[in-house]
Amino acid sequence: MDLFQIAKGAALRMAADSKPRVRFAPSPTGYLHVGGARTALFNWLFARHEGGTFILRVEDTDVERNKPELVDGILDGLRWLGVQWDEGPYFQSQRMDLYRAAAERLVASGSAFACYCKAIQYAGADAVVEGEEGAEKAARTPPCPCRDMAPAERQEKERQGLPRAIRFATPRTGVTRFEDAVFGPREVQNAEIEDFVLLRSSGVPTYQLGAVVDDIDMRITHIIRGADHLSNTPKQALLYAALGAPAPIFAHVPLILGADRTRLSKRHGATSVGSYSEEGFLPEAFRNFLALLGWSTGSDEEFLRTSELIARFTLSGISRTNAIFDRPKLEWFNSQYLQKLPLEELLPYVKAELQRAGLWRDAWDAAEREWFAHTVDLLRPRTRLLPDFATWARAFFSDDFDYDAEARAKFWKDHKLPDLLGKLAAALDALADWNHDACDHALRALAEAEGVKAGLLINATRVAIVGRAVAPPLFETMVVLGKDRVVSRLRRALPHVAAP
RNA sequence: GGCGAUAUCGUCUAACGGUUAGGACGGAGCCCUCUCAAGGCUCAAAUCCGGGUUCGAUUCCCGGUAUCGCUACCA
């Protein structure tokens with residue numbers, strides 16, 4: 001290996017090192033909600049676009065709220081979403097020594113101090129609002145006096161073995177700056193920043209410490225996260241400096257709100273990713289919708305498959321305003337994907353749905369694969385969610401279906417119908433060839449002979465053979481169902497038509 | 001209360017000093033038609049308010065207002 005080769009290798013290594021490293025860091029205090037899902041998606045899109053690395057880290061330091069059993073649900077949600085992580089999942093609960101060591105280092109260097117105050121319970125957001133004029137400032141947390149404690153007193157507290165938290169010694173003056181790819185360069189007065197806790201008296205790190213120590217350790221280059229963290233970022237910028245590490249680029253993503261403009265929560269209906277999976281949304285449609293919530297390409301195109309999202313994703317396209325979760329638009333995206341996806345990509349989803357409904361037949365994957373594909377293709381313009389295939393379109397996959405009440409009321413009114421449908425069954429039964437035009441001709445000939453409009457027969461027949469008023473065009477439906485089924489279903493329907 | 005961010009049709013958004021302020025969802029209507037969708041066409045619908053700067057502000061600055069966030073030994 002000559003010098004050139006060595007230099008080239010070094011250059012390549014540097015190039016590899018300069019690739020972005022990003023992370024998604026959920027805490028297992030709840031399911032994966034749409035806000036978190038979008039944050040994960042943005043991180044993933046950014047990593048894929050840049051050829052970087054996407055890391056998954058579980059921030060499970062809050063022993064009180066943490067529910068380990070929720071981790072699997074979050075991972076499942078991410079898998080369904082299709083955002084594969086390249087490293088991890090790492091668990092903060094398994095890295096405690098790292099945070100404690102960092103806290104001790106900060107105390108040793110004078111950037112942090114031990115605090116012996118009693119922990120103040122969070123009073124809730126309403127606590128401040130409640131105060132009448134005059135008393136309104138009472139709820140502010142007082143500054144911790146331990147920072148300026150005399151050495152003798154401190155020794156005494158230590159000797160007594162009092163529980164101690166570690167707080168950051170925020171500079172009293174000056175400003176702290178950081179760079180945000182979405183909100184631009186930011187600066188805050190240090191005087192506005194309290195001496196925040198780094199290590200709880202239990203020895204467990206807070207979010208601020210854990211996140212920064214891990215982001216340094218994991219060599220994170222871009223922190224893409226919810227804008228609810230924007231106000232706290234100066235604290236972390238301070239921590240980076242105190243820990244002697246360069247700060248990463250931040251990119252704060254605006255929040256997703258409910259229809260009432262408040263933070264998305266349970267009372268807004270489905271907010272967990274899992275519920276959208278269960279409802280029968282296609283992951284790619286969900287990704288497309290989510291990606292466009294708070295990010296745009298700058299163009300008018302909206303139907304963007306994942307490869308296109310990756311190709312176009314940039315941090316500069318991220319919006320600065322909160323977005324409201326718009327369910328109708330999500331459904332529109334889903335119906336678009338149901339219609340536009342290459343058929344071969346759609347079939348496995350329909351298969352899974354039919355299996356779930358107990359309607360699946362293995363032949364549809366083998367000898368009758370052609371039939372299955374054609375039927376799905378016929379059905380899909382009228383579907384909005386995956387379960388539509390098993391519910392609304394049930395009669396296409398099973399002989400066990402019933403007649404929709406509204407459809408009967410609307411299309412089985414005419415008293416001539418029992419007679420007409422009986423004759424139609426006979427006419428169809430006599431057909432030598434079974435195809436669209438043959439069915440068409442047979443039905444229209446009968447209509448003409450009987451002096452009724454073809455529509456009367458068509459609509460009544462549709463209800464008889466698929467049980468619903470809403471279905472694909474009749475003759476295509478007949479072809480798909482086949483002669484035997486159509487004729488027998490017509491005859492089976494006769495008594496129901498006679499007695500509506 | 002303090003600090004901060006944000007502000008374009010109902011919703012998601014485009015515009016990066018000059019446009020009849022564009023697109024999409026949703027809504028209304030028409031076409032197509034055997035139902036319902038899909039598709040095509042059309043319509044209604046927005047620059048929070050007030051001051052500046054400028055020949056010219058959706059766009060830049062200031063103030064107000066509203067909303068959201070942070071202000072926890074939650075993340």
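Below, all heavy atoms of this structure are taken into account, side chains as well, without hydrogens, waters or symmetry copies. Throughout, a chain's letter reflects where its sequence line sits, starting with A, and its residues are numbered from 1. All values reported here derive from a predicted model rather than from experimental measurement.
For the OP1/OP2 pair of B:C73 and a distance below 4.0 Å, the side-chain nitrogens and oxygens of A:S201 include no atom meeting the criterion. Dashed line: the shortest gap from a side-chain N or O of A:R167 to OP1 or OP2 of B:C73 is under 4.0 Å. Look at A:R384 and you won't find any side-chain N or O under 4.0 angstrom from OP1 or OP2 of B:A37. Residue A:T61 has a polar side-chain atom (N or O) positioned under 4.0 Å from OP1 or OP2 of B:A75.
As judged by a 4.0 angstrom heavy-atom cut-off over every strand, A:R462 is placed among the base-contacting residues. A:R186 comes within 4.0 angstrom of sugar-phosphate atoms only, judged by non-hydrogen atoms across all strands, and of no base. Here A:Q336 lies in heavy-atom contact (under 4.0 Å) with sugar-phosphate atoms only. Among the protein residues, A:S27 comes within range of the sugar-phosphate backbone only, with heavy atoms under 4.0 Å from sugar or phosphate atoms but none that close to a base. Nucleic acid contact class of A:P254 (heavy atoms, under 4.0 Å, all strands): none. Nucleic acid contact class of A:A454 (heavy atoms, under 4.0 Å, all strands): none. Using a 4.0 Å heavy-atom distance criterion, A:P473 is classed as a base contact. Using a 4.0 Å heavy-atom criterion, one finds that A:L292 contacts the sugar-phosphate atoms exclusively. Residue A:C117 is classed as a base contact, given a heavy-atom separation below 4.0 Å to a base. Residue-level contact check: A:E302 touches the bases, meaning some heavy atom is under 4.0 Å from a base atom.
If you look at A:Y337 and A:F281, their ring centroids are not closer than 6.0 Å. Between A:W412 and A:Y403, a ring centre-to-centre spacing shorter than 6.0 Å is recorded.
Pair assignment for B:A38 gives none, since no Watson-Crick or G-U wobble pairing has each distance under 3.5 Å. The partner of B:C48 is B:G64, judged by Watson-Crick or G-U wobble contacts that both fall below 3.5 Å.
Ring pair A:F325/A:Y276 is tilted by interplanar angle, where 30° to 60° counts as tilted. The aromatic rings of A:F178 and A:H252 lie perpendicular to each other, with more than 60° between the two planes, well past the 30° mark.
Listed here is the closest heavy atom pair of A:M96 and A:V204: CE-CG1, 4.1 Å.
Taking a 4.0 Å limit (strictly below) on heavy-atom distances, residues 222-233 of chain A reaches RNA chain B at A:A227, A:D228, A:H229, A:S231, A:N232. A heavy-atom distance below 4.0 Å to RNA chain B is reached by these residues of residues 202-211 of chain A, ordered by number: A:T206, A:Y207, A:Q208.
Using a cutoff of 4.0 Å between basic side-chain nitrogens and carboxylate oxygens, A:R95 and A:E59 are not scored as salt-bridged. Salt-bridge annotation for A:R186 and A:E179: absent, with no side-chain N of the basic residue lying under 4.0 Å from a carboxylate O of the acidic one.
Residue order along RNA chain B, read from the 5' end via each residue's closest nucleotide, puts A:L255 first among A:L255 and A:P163.
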